[in-house]
Amino acid sequence: DQPNEDNTEDSTKKYYHPETGEQISKNAFKKLQKGPVVAKKEKKEIPIKTNVDKEKKEKRIKEPEQVFVDNTPTGEKKLIDQLNFPPTYHPKYVESAWQSWWEKSGYYTPDISKINDVSSIKEENKFVMVIPPPNVTGSLHLGHALTTAIEDTLTRWNRMKGKITLWVPGTDHAGIATQSVVEKRLLKSDGVTRHQLGREEFLKKVWEWKDLYGNRITGQIRSLGASVDWSREAFTMDSNLSRAVTEAFVRFHDDGLLYRDTRLINWSCALQSAISEIEVDYIDLEGKTYLPVPNHKLKDKYEFGTLTSFAYKVEGSDEEIVVATTRLETMLGDTAVAVHPNDTRYSHLHGKYVIHPFVDRKIPIITDDVLVDMSFGTGAVKITPAHDPNDYSCGKRNQLDFIIIFTEDGKIANNGGKFAGLMRYDARIAIEEELKVLGLWRNKEPNKMRLGKCSRSGDIIEPMLTPQWYVNCSSMAARAVDAVRKGDLKIVPEFHESTWYRWLENIRDWCISRQLWWGHRIPAYFLRLKSDLDKGIRQDKNDPSNNHLWFVGRTELEAKERAVSKLNVDINDIILEQDEDVLDTWFSSGLFPFSVFGWPNNTVDLQTFYPTTLLETGLDILFFWVARMVMMGLHLTNTLPFKTVYLHAMVRDKYGRKMSKSLGNVIDPLEVINGCQLSDLLKKIDEGNLPPKEVDKAKEGQAADFPEGIPECGADALRFGLLAYTVQGRDVNLDIKRVVGYRQFCNKLW
C-alpha cells in the first residue's frame, strides 16, 4: 500500500504519483485527484433581443392548448387513444364518458332480483341513503356540491365494500320558491299575474317551467359524478308521492293530531300566503333605518327602527294615556290599553275607556301583569290582538276583540276609516301626520329591533290572524327526543344534540297550510247543504264556529261518506268545496325517506330499503327537515327513517359571508367544473330575478372576486377541495383559488 492512503496530517508526510510512483509535492498530488483540467468554454455573445423576437415569444405564449376531444359514444365504455393521450391534465377530457357508461351499465342500481327473502338481508350488509331533494326549478350551488361530494364518497365506499348499496335521487316541488319564480317570469315576459290567468292555466305554466328547467338540476348532479340510482328518481309531486301526502294528512287527522284553527301566523303580503319560520330572514336594526318594501310605490324606502309615542284620550275626562309602538299603523286594530294591576298611576282608570281618534270605537283599559312592565316607558301598552304575538296572547287571556285591519296584499282594510286602501307603510306615514294635526302625537325616538323579512319576496313579515291547518307535534317530538337520548338515533357531530333537544322540547304546533296554487292541495272539504242554500243560508268557511263542517278524505267521495256518518244527512243533499290552500313543502319532504319506496303500499322496495342507513345534510335544516322526517317516520311507520344523521358545515364565501344572490357570491358548481368567463357570470345576474337595485351590487361582487372569471377545475378538483375543507369541522369559507390548487394537484397525479 502507498502511504498516500494514510489520512493523518503530518509535516513529514510524502506524496507519490499514482502511476509512476515518483515522489511529488502535496499540491501536485491534489491536482491529480481533481482530474484533468477542462478548458474554459468561450463566452458566447448574448444576442440583443429585438421587438421581432418579443413578438414571436408572445405569439408562442398565446398559442391555445391542444384540445382533446372524447369521441366515446354515449353510454359506451370510454375510448382511450394512447397515441393522442393528453400530456397534461385536462378535466373535461378525463371526466367525460364515464358517467353515462356507469349509468347504462347499471352499476348504481342494486340487484335484489336473486334474493328470495329481502327481509333476510342484514343491516350491516346494506347501505341506503336518500338525497336531500333540491328545488326542482332552482340551480345547485356549492353547498349542494359539498352534499353531493360527501354522499357520493360514502356511497362508493360502501359499494366497494360489497354491500347492497342504494342512493336515491330526487327533487322537491318547492311550493313558494317555484310559484314565486314563475309569477315573476310571467309578469316580466307576458305582463300577467296568476290571478289573471286563473288557477288551472297558471298550474299548466308551472308544469311547463318544471319540464323545461327541471333537468338542469339532474344535469348538475350528473356532472358532479354522483352515483345515484336514476331508475328510482323521485319528484315530490309524482303521483305515488302525492298519494303518500294525502294518506299522511288523513292519518294525522284521524289520529287527532291534525286540526283547523284561526291563529296568528307569519304572513307575506307580497306572496299573499302564510310562510314557515325557515322562510323568514331576521335583520337586527340598531336604530332608525330606511328599507325598501315590495308593492309600495309612494316612497323608495320606508322608516323602521323607531318607537313612536302618541296619546289616547280617556272617555269623559281631560286625561290621556300615552302608549308607544314600533308599528304605528297597527293602532287601527287596537282593542285595549293594558296597564299593570299594581301600577298606582292608573288605578283610578281600571275599567274605563279611551277613544280611538280615527274609527268609531271605545277601547277598554284593562290590567295584565303578564305583558305589562311598569318600569318601561309610560307603563301603558296598546293591544292589537290580531297583529302581534304578545298582544294575541293578551287578547286570549282577557277575551278581547280581534280586529284584522290588513287585506291579504297588505292594504288597510275597509275598517281602517280614512286610511282604508292605503298600503300599510304609506298608512304609517299618514297616521303620524293626522296624529300631529289632532295634537295626539308625542315623540319618536330610535329603537333597536329585530325585523322579519320574507326570504322569497323581501317583504316585511306581517303577523296575521288567519284560519290554517295545524299538526300537534308534541307526542311525535317526545319520541324523537327519546330516540336520541337512548342512542337509537345518532347525530354527528354530537354537539348538535343540544340543538335537537332545545327545539323539540319547546316545539309548537306546525302550521302546514299555504295560500298557494302550486303544491299538494289539501284533502279537506267544506260542507254546505243544498237545502240550506235554497233557504238563503250560506255558512262562512272561514268562521271558526263552522270548523265542524270541514271533512277530510282521501277522495271527495270518502269525505262525503264521512259527512253522512257524522251529520246523518242525505248524501245527495251535500255540496263539498275543497280547500284551495296547499300543504307546506316540508310536509311532503318529511315523508321522503319512505314515500320514495312506495309507502303507504307495502312494496318490495319498502321492505328492502326502509329504514335507510344514514341521512346526510346541512346543519341549517336539522329542525325544519331532519326532525320532521324523524317525527313523521316514527308516527306513520313506527320506525326511525335512518339510524344516523351526519351534518356538514355551511359553505360560505372566502370572506365568511352567507351565499346570497344579492351579494353576487352564489356560484354554480358547473362554473367551477367547466370554467366561466366574467362576462358569463355577469350575464347570469342580468337574466335572474334580482331587483334592479341589487343587480349592480351583485355584479360588483362578482367582478371583485373573479376579475378574470373562474378557470376550469373539473369535478374531481372541486370535490377534493370541498372535502378537504370539511376536516376543519366548521363553516367552509370557500376560496376558489384553493380549488384551482387541487386541479394542479390532479395534474401532478396525471
Side-chain angles (χ1 to χ4, degrees), residues 64-111 129 131 134 139-140 142 144-162 165-171 213-233 667-677 680 709-723 736 739-740 742-750:
E65 286 187 348
Q66 182 180 352
V67 176
F68 292 88
V69 179
D70 176 43
N71 295 314
T72 306
T74 302
E76 297 299 315
K77 187 175 182 180
K78 189 180 182 84
L79 299 173
I80 299 177
D81 185 355
Q82 296 291 350
L83 298 178
N84 195 29
F85 210 61
T88 57
Y89 178 66
H90 290 263
K92 193 172 292 185
Y93 171 79
V94 172
E95 295 172 1
S96 63
W98 293 111
Q99 186 71 12
S100 61
W101 177 59
W102 287 334
E103 285 183 33
K104 185 180 178 181
S105 301
Y107 295 146
Y108 301 159
T109 302
D111 183 9
M129 182 169 56
I131 199 170
S139 177
L140 294 189
L142 292 175
H144 294 113
L146 174 60
T147 300
T148 302
I150 293 172
E151 293 181 7
D152 191 51
T153 302
L154 292 167
T155 302
R156 290 180 185 271
W157 177 53
N158 279 283
R159 191 181 290 121
M160 290 165 70
K161 291 170 73 176
T165 305
L166 175 62
W167 182 19
V168 181
T171 48
Y213 292 99
N215 290 335
R216 179 170 55 183
I217 288 281
T218 55
Q220 288 175 308
I221 294 173
R222 282 182 163 95
S223 295
L224 284 162
S227 60
V228 295
D229 181 1
W230 290 106
S231 70
R232 287 181 168 85
E233 182 183 0
I667 302 298
D668 183 331
L670 296 186
E671 292 166 350
V672 182
I673 293 171
N674 300 323
C676 189
Q677 299 293 324
D680 293 326
I710 301 173
E712 178 190 335
C713 296
D716 284 329
L718 174 59
R719 287 163 51 127
F720 192 178
L722 289 168
L723 290 170
I736 296 298
V739 178
V740 175
Y742 285 109
R743 183 210 186 281
Q744 293 163 349
F745 178 75
C746 288
N747 188 57
K748 287 183 182 294
L749 293 178
W750 185 261

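For the numbers below, each heavy atom of this structure counts, side chains included, while hydrogens, waters and symmetry mates do not.
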Taking atom [atom1] of [X] and atom [atom2] of [Y], what is their separation to the nearest 0.5 Å?
X	Y	atom1	atom2	result
Arg232	Trp167	CZ	CH2	15.0 Å
Arg156	Thr165	CZ	OG1	11.5 Å
Gln744	Leu749	CD	CG	12.5 Å
Leu140	Ile217	CG	CD1	4.0 Å
Trp101	Trp98	CH2	CH2	6.0 Å
Lys77	Ser100	NZ	OG	13.5 Å

**Request:** Please report the C-alpha distance between Arg222 and Glu103 in whole Å, then the side-chain angles of each, then the deciding distance to 0.1 Å, and finally whether the side chain to side chain contact (heavy atoms under 4.5 Å, CB included) criterion is met.
**Result:** CA-CA 10 Å; Arg222 282 182 163 95; Glu103 285 183 33; 2.9 Å; yes
Any idea which heavy atoms bring [X] and [Y] closest together, and the distance?
X	Y	value
Gln99	Gly225	OE1-CA, 3.6 Å
Trp230	Ile221	CZ2-CG2, 3.8 Å
Ser223	Ala715	O-CB, 3.4 Å
Arg719	Ala226	NH1-N, 4.4 Å

Are any non-hydrogen side-chain atoms of [X] and [Y] less than 4.5 angstrom apart?
X	Y	answer
Val69	Ser96	no
Tyr742	Cys713	no
Ile673	Leu224	yes
Ile667	Ile710	yes

**Intermediate values then yes/no, side chain to side chain contact (heavy atoms under 4.5 Å, CB included), Thr155 and Val228** = CA-CA 9 Å; Thr155 302; Val228 295; over 6 Å; no
**Request:** Establish, yes or no, whether the cationic atom of Arg159 lies under 6.0 Å from the six-membered ring centre of Trp102 and within 45° of the ring axis.
**Result:** no
**Asked** Relative to Phe68, does Lys92 satisfy both conditions: NZ or CZ under 6.0 angstrom from the six-membered ring centre, and within 45 degrees of the ring's axis?
**Response** no
Is [X] reaching over with its side chain to a backbone N or O of [Y], donor-acceptor style, under 3.5 angstrom?
X	Y	answer
Thr109	Asp229	no
Lys78	Thr72	no
Gln220	Ser139	no

**Request:** Take Leu722 and Leu718, measure what side chain to side chain contact (heavy atoms under 4.5 Å, CB included) needs, and give me the verdict at the end.
**Result:** CA-CA 6 Å; Leu722 289 168; Leu718 174 59; 3.9 Å; yes
Heavy-atom count check: over 12 atoms from other residues, nucleotides or ligands less than 6.0 Å from [X] [atom1]?
X	atom1	value
Trp750	CH2	yes
Glu76	CD	yes
Lys161	NZ	yes

**Prompt:** Is a side-chain donor-acceptor pair under 3.5 Å present for Asn747 with Thr88?
**Reply:** no
**Asked** Does the salt bridge (charged side-chain N to carboxylate O under 4.0 Å, His left out) test come out yes or no for Arg743 and Glu712, once each step is laid out?
**Response** CA-CA 9 Å; Arg743 183 210 186 281; Glu712 178 190 335; 5.2 Å; no
**Request:** Quick one: do Asn158 and Met129 satisfy side chain to side chain contact (heavy atoms under 4.5 Å, CB included)? Show the steps, please.
**Result:** CA-CA 11 Å; Asn158 279 283; Met129 182 169 56; over 6 Å; no
